[in-house]
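Below you'll find the structure, written out as C-alpha cells, and then a few comments.
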Amino acid sequence: MSDPRLKQIKIKNGVLKRVGKEKLSYRKEADQQKAKIEKMKEEGRDELEIKKMGEVLQETLMMIPDCHRRLVAAHAELSNVIETEAELNVEGEVEEFVAAQAQIKEAEEQMKV
C-alpha cells in the first residue's frame with residue numbers, strides 16, 4: 001500500500017461507497033416521510049403540521065438528484081483511475097482493485113434507482 005496511486009484508489013473507492021449510501025439513505029428517508037404524512041392525514045392532524053412535513057419531504061427529495069450527480073461523478077473518477085492505473089493490478093489480485101471493481105458494480109446498481 002506504499003504506492004500513492006493505490007492510496008488514491010482506496011480514497012476514491014471510499015467516496016463512491018459513501019455517496020451511494022447517502023443516496024440510498026435519502027431515498028429511505030423520503031419513503032418514511034411519505035408514510036408519516038399519510039398517517040398524519042388519516043389521523044386528521046392539523047393542516048399546518050402536514051404542510052410542514054410536506055416541506056421537509058420536498059427538501060429530502062431535492063437532495064436525491066444532487067446525490068445521484070455526485071454518485072455518477074465519483075463512479076466516473078474511480079473507473080478512470082482503475083483504467084489508467086491498470087498496470088498496478090497485473091496479477092488481478094490487488095486488494096484495492098478488487099474492492100474498487102466491486103464498488104463500481106454496486107454503484108451502477110444504485111444509479112438505476
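Since we're looking at a predicted model, the values are computed, not measured.
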| query | Rounded to the nearest 0.5 Å, what separation is found between the CD atom of Q103 and the CD1 atom of I82? | reply | 11.0 Å

| Flag, side chain of S25 to backbone of K21, donor-acceptor distance under 3.5 Å | no

| Backbone N/O of E93 and side chain of N89: donor-acceptor pair under 3.5 Å | yes

| request: Without swapping roles, check the side chain of K23 against the backbone of R70 for a donor-acceptor pair under 3.5 Å. | output: no

| NZ/NE/NH1/NH2 to OD/OE distance under 4.0 Å, E42 and K39 | no

| query | Can you tell me if CD on E49 sees more than 12 non-hydrogen neighbours from other groups inside 6.0 Å? | reply | yes

| Side-chain touch E109/K105, heavy atoms, less than 4.5 angstrom | no

| query | Are the side chain of K12 and the backbone of E77 linked by a donor-acceptor contact shorter than 3.5 Å? | reply | no

| said: Using side-chain heavy atoms (C-beta onward) and a distance below 4.5 Å, is R18 in contact with V15? | reply: yes

| query | Is there a path from Y26 to V19 through hydrophobic residues (I, L, V, M, F, W, Y) whose side chains come within less than 4.5 Å of each other? | reply | no

| query | What closest approach, in Å, do L57 and A30 show between heavy atoms, and which atom pair accounts for it? | reply | CD1-O, 3.5 Å

| Should V72 and L24 be regarded as members of a common hydrophobic cluster, given that ILVMFWY residues are connected when their side-chain heavy atoms come within less than 4.5 Å of each other, either directly or indirectly? | no

| L88 side chain reached by V94 side chain, heavy atoms, under 4.5 Å | no

| Going by heavy atoms in the side chains, are V98 and E95 under 4.5 Å from each other? | no

| Of the non-hydrogen atoms in E96 and L6, which two are nearest, and what is the gap between them? | CG-O, 3.9 Å

| said: Distance check, rounded to the nearest 0.5 Å: N13 atom CG versus Q8 atom CD? | reply: 12.0 Å

| message | Same cluster or not: L71 versus I64, using hydrophobic residues (I, L, V, M, F, W, Y) connected whenever any side-chain heavy atoms lie under 4.5 Å apart? | response | no

| Can you name the closest pair of heavy atoms from I9 and A100 and give their distance? | CG2-CB, 4.0 Å

| query | Minimum heavy-atom separation for S79 to I104, with atom names? | reply | OG-CD1, 3.7 Å

| said: Can you tell me how far apart NZ (K41) and CD (E47) are? Round to the nearest 0.5 Å. | reply: 7.5 Å

| query | Closest heavy-atom contact between T60 and Q33? | reply | OG1-OE1, 3.1 Å

| query | Step by step, would you call M63 with D66 a side-chain contact (heavy atoms from CB on, under 4.5 Å)? | reply | CA-CA 5 Å; M63 292 305 297; D66 178 56; 4.1 Å; yes

| said: According to a hydrophobic-cluster definition based on side-chain heavy atoms being under 4.5 Å apart (Ile, Leu, Val, Met, Phe, Trp, Tyr only), do M111 and L61 belong together? | reply: no

